[in-house]
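Quick caveat, the model's predicted, so the values are computed rather than measured.
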Amino acid sequence: MARSSVRQYEYRIMTFGRETSRRESLQLLTEHAEYGHWELARTILGMGGRRTVWLRRKIIRMQPTL
């Protein structure tokens, strides 16, 4: 059985409104990175100051040993 070398990721999208400070959003993203093993994939600054952040992490698939 040949394994594909393409890595598969799961994504989480987080949206921060204009009223959310940079410090608060940075703290939330740091917690997700540290405890959930998420990494930053993309950030978009939208109309009205809304920030949308895509986080990703590798999907670990268990291989049968038998």
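- Side-chain contact between Trp54 and Ile44: present, with at least one pair of heavy atoms (C-beta onward) separated by less than 4.5 Å.
- Under the 4.5 Å side-chain contact rule for hydrophobic residues, Met14 and Leu26 do not share a cluster.
- Nearest approach of Glu19 to Glu24, heavy atoms of both residues: O-OE1, 4.4 Å.
- Between atom CG of residue Leu55 and atom CD of residue Glu39 there is a gap of 9.0 Å, rounded to the nearest 0.5 Å.
- Arg57 contributes no side-chain N or O that, together with a main-chain N or O of Arg12, makes up a donor-acceptor pair within less than 3.5 Å.
- Rounding to the nearest 0.5 Å gives a distance of 11.0 Å between CG of Leu40 and CZ of Arg42.
- Considering every non-hydrogen atom in both Ile59 and Glu10, the closest pair reads CG1-N, 3.8 Å.
- Contact between Tyr11 and Trp38 at its shortest, heavy atoms only, is C-CZ3, 3.9 Å.
- The minimum heavy-atom distance between Ser25 and Arg51, with the atom names listed, is OG-NH2, 3.5 Å.
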